[in-house]
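To keep things clear, I will list the structure first and then write my remarks on it.
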2 protein chains.
Amino acid sequence: MVQIPKTPAPSSSTPRSVPTSADVARLAGVSRATVSYVLNNTSAVRISEPTRRRVHEAAKELGYVPHAAARSLRAGHSRMVLMPAPSFPVGPLYSQFISELQWALGRLDYTVVQYGSVGVHGDEAARAWAELRPVAVLVPGPGSLGPQGVTVLKRSGARAVVTLGPDSVDGAHALLMDHEAVGHCAGSHLFDRGRRRIGVVVPEEDGLESFSLPRLEGVRRALHGTDATVTELPLAYEEESAARLAARWRALDLDAVFAYNDEYAMLLMRALQDGGVRVPEDTAVIGADDLMLGRLLRPRLSTVHIELPSGRDLAELVDRAVRNPGAAPETHKVLGATVVHRDSS
Amino acid sequence: MVQIPKTPAPSSSTPRSVPTSADVARLAGVSRATVSYVLNNTSAVRISEPTRRRVHEAAKELGYVPHAAARSLRAGHSRMVLMPAPSFPVGPLYSQFISELQWALGRLDYTVVQYGSVGVHGDEAARAWAELRPVAVLVPGPGSLGPQGVTVLKRSGARAVVTLGPDSVDGAHALLMDHEAVGHCAGSHLFDRGRRRIGVVVPEEDGLESFSLPRLEGVRRALHGTDATVTELPLAYEEESAARLAARWRALDLDAVFAYNDEYAMLLMRALQDGGVRVPEDTAVIGADDLMLGRLLRPRLSTVHIELPSGRDLAELVDRAVRNPGAAPETHKVLGATVVHRDSS
DNA sequence: TTGAAAGCGTTACCAA
DNA sequence: TTGGTAACGCTTTCAA
């Protein structure tokens with residue numbers, strides 16, 4: 001562990017207080033109102049050019065920065081879009097999605113803020129978010145929000161609450177990321193390739209159930225009414241766990257496995273190969289997420305390509321909802337899943 | 001692309017305004033002051049039990065949530081720690097670090113907020129952050145902040161500004177993540193293993209220069225004064241790019257390569273093997289980041305394990321700095337780099 | 001063209 | 001034990 005040494009530290013220097021618009025006004029020799037007019041380019045009022053310059057100069061000299069809280073308090077609203085920061089490690093897909101979304105909302109003049117609510121849950125979290133009076137709340141992932149929470153947020157002025165995950169919540173717009181579709185895709189693919197005894201990896205790591213269980217369910221649904229069987233395979237993201245699973249592979253008597261995602265798939269495929277199981281001859285393997293790295297294995301890893309909604313579309317949904325808060329909550333299925341067939345299946 | 005259809009949407013229902021402490025007071029039949037006392041458990045004042053209950057009930061009935069902006073305006077300070085959200089895709093290391101940091105700061109009663117400043121740069125960004133009057137600002141990555149920015153932030157009341165990246169900035173605390181050390185580590189290792197013609201992969205992707213260049217420099221430094229040569233190898237994170245590089249491998253006449261990180265290393269190693277280059281016999285390969293997936297390749301990928309500071313330590317640094325804003329900025333090197341020797345080098 | 005003043009939601013001081 | 005009131009920094013209406 002990298003330690004940061006603790007220093008007792010000497011003592012302070014400039015506790016000079018932060019400049020307000022009143023300070024700027026004083027320095028420029030005008031009233032606070034004038035300062036506000038100048039700095040906000042208020043078009044309803046015309047201020048003489050010399051005055052403008054004096055104000056600007058004063059502001060720069062003092063290093064004046066307006067106080068967002070005071071402003072939004074006065075205005076009665078803000079343009080803050082709040083997202084709880086995800087508490088689980090996110091992949092490149094999601095990272096990029098967030099980035100894109102922030103950019104798109106920024107273009108619509110919203111400010112995106114990810115709120116770190118680690119260790120705070122349910123309605124308590126919703127309350128904490130509501131204290132910031134965001135104009136919209138965007139909740140990724142499952143479970144962190146109930147109908148209660150939606151009510152709290154709306155009561156406190158949130159004009160749009162959007163969930164982005166496996167379930168939809170009463171009163172909130174929902175972008176349904178239906179992970180069953182991923183499993184369904186994988187299941188159908190394996191079935192079509194003639195596989196009948198199908199294993200489904202379920203990660204043992206916490207926080208992933210809300211993705212893994214629907215994916216498993218999707219496989220079940222795809223195979224329902226056929227002669228194929230589905231076997232649940234708990235697996236931790238460690239080599240030993242994979243080795244243990246591989247060791248009892250013959251006994252399991254499976255001819256295919258959907259491994260939750262590409263990372264677990266790579267882990268398991270390696271363990272299988274090390275254990276003498278031929279892929280895809282003895283067992284077909286398919287992952288999900290379409291990571292670049294999956295293409296590097298031999299055989300190349302088949303996968304389910306997942307498409308998230310574009311940040312732009314989501315930003316537009318948010319904007320629409322904010323402008324028309326009374327509208328009935330929309331629910332959209334927004335998870336595109338398509339098989340990318342390579343060599344492992 | 002997953003499209004979200006656009007709905008014209010019906011019209012509003014309950015534009016009921018958000019309840020304030022005055023509403024609670026009215027409903028409970030007490031003054032606003034009393035409400036404040038009760039809800040904040042003010043110990044200096046004793047409120048009768050029946051009154052407390054009435055207040056609590058009124059608050060619950062109205063769904064009252066205090067207004068953070070008003071509170072911090074009144075208080076003159078907040079406990080918000082602001083971090084600009086990273087604009088580049090982050091790996092699991094960094095994700096986990098953020099998570100840990102949020103948790104640790106949460107325990108110290110700070111609120112962590114990641115501010116999405118996509119497309120806003122330099123001092124403009126600093127101004128935007130300053131508007132929120134955070135008590136501390138934590139800037140990851142390089143370049144997004146200059147000494148000007150630090151001044152703006154401090155003037156606007158930030159009691160601690162901490163950078164977390166390759167360079168340190170005047171006036172701010174710095175957690176120096178010295179990526180040269182990573183390169184140095186890798187370079188020394190390869191040299192010790194008898195390699196003398198060493199390639200260093202430099203990703204072509206934008207936004208990575210501030211990591212890749214120091215890593216390259218570190219290799220140079222490790223090899224300085226020896227008979228070893230260093231060759232810079234631009235590489236995009238795509239199979240074709242890797243294939244192209246592999247195609248001219250013999251011509252390059254290298255006996256080792258440090259591939260920036262494990263992902264690029266895996267990409268390149270595969271391309272080399274496909275091109276008939278034996279690893280490690282003809283060319284040794286080493287990556288960095290110690291990803292699990294590197295262990296799955298054959299040969300197992302050697303890597304530089306990188307250790308970030310613990311979130312707890314950083315949280316403590318922030319807390320210390322906030323409590324003692326006058327203290328001289330601390331600068332710590334906080335990047336632990338150690339070689340994990342496996343089979344590819 | 002500029003200034004005075006009210007008010008946004010809280011909290012803390014001082015009276016009652 | 002409780003209530004009135006001022007103040008935080010800003011914007012905006014109204015008046016000069």
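Owing to the predicted nature of the structure, the values given are computational and were not obtained by experimental measurement. A note on names: the letters A, B, ... follow the listed sequences, proteins ahead of strands, and every chain is numbered from 1.
Glu330(B) approaches Leu317(B) most closely through the heavy-atom pair OE1-CD1, 3.5 Å. Contact record, Ala85(A) with Gln114(B): CB-OE1, 4.0 Å, taken as the closest heavy-atom pair. For the pair Gly311(A) and Ala104(A), the tightest heavy-atom approach, listed with the atom from each and the gap, is O-CB, 3.8 Å. Listed here is the closest heavy atom pair of Ala59(A) and Val24(A): N-CG1, 3.8 Å.
Distance alone, capped at 3.5 Å, places no donor-acceptor pair between the Asn40(B) side chain and the Tyr37(B) backbone. Between the Thr42(A) side chain and the Ala44(A) main chain, no donor and acceptor come within less than 3.5 Å of each other. Checked by atom type and distance alone, the side chain of Thr51(B) never pairs as donor or acceptor with a backbone atom of Ile47(B) at under 3.5 Å. Of the possible donor and acceptor atoms, none in the side chain of Lys154(B) sits under 3.5 Å from a partner among the backbone N and O of Pro325(B).
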Solution key, residues 70-77 of chain B side-chain donor-acceptor pairs under 3.5 Å, sequence neighbours excluded:
from: Ser72(B); atom 1: OG; to: Ala68(B); atom 2: O; distance (Å): 3.4
from: Ser72(B); atom 1: OG; to: Ala69(B); atom 2: O; distance (Å): 3.4
from: His77(B); atom 1: ND1; to: Ala75(B); atom 2: O; distance (Å): 3.4

Please list, for nucleotides 13-16 of chain C, all pairs of protein and nucleotide N/O atoms separated by less than 3.5 Å.
from: dC13(C); atom 1: N4; to: Tyr37(B); atom 2: OH; distance (Å): 2.3

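Under 4.0 angstrom from either OP1 or OP2 of dT10(C) there lies at least one side-chain N or O belonging to Ser21(B).
Residue contacts shown for Ser36(A) include a base, since a base heavy atom lies under 4.0 Å away.
Distance check, rounded to the nearest 0.5 Å: CG of Leu132(A) to NE2 of His67(B) gives 9.5 Å. For the atom pair CZ (Arg155(A)) and OG (Ser17(B)), the distance works out to 11.0 Å, reported to the nearest 0.5 Å. Atom CD of Glu124(B) sits about 13.5 Å away from atom CD of Gln148(B), to the nearest 0.5 Å. Atom CG of Leu308(B) and atom CG of Leu314(B) lie 10.5 Å apart (nearest 0.5 Å). To the nearest 0.5 Å, atom CG of residue Leu108(A) and atom CG of residue Asp319(A) are 5.0 Å apart.
Under 4.0 Å is where a charged nitrogen must lie from a carboxylate oxygen, and between Arg312(A) and Glu316(A) at least one such pair does.
First and last contacting nucleotides of DNA chain D toward chain B (any atom under 4.0 angstrom from a heavy atom, 5' to 3' order): dT1(D) to dG9(D).
The stretch residues 39-60 of chain A touches DNA chain D through Asn40(A), each having a heavy atom under 4.0 angstrom from the strand. Residues from residues 61-82 of chain B with heavy atoms under 4.0 angstrom of DNA chain D, sorted by number: Leu73(B), Arg74(B).
With axes fitted over five pairs at each extremity, the angle between the ends of the helix from dT1(C)-dA16(D) to dA16(C)-dT1(D) is 50° (10° resolution).
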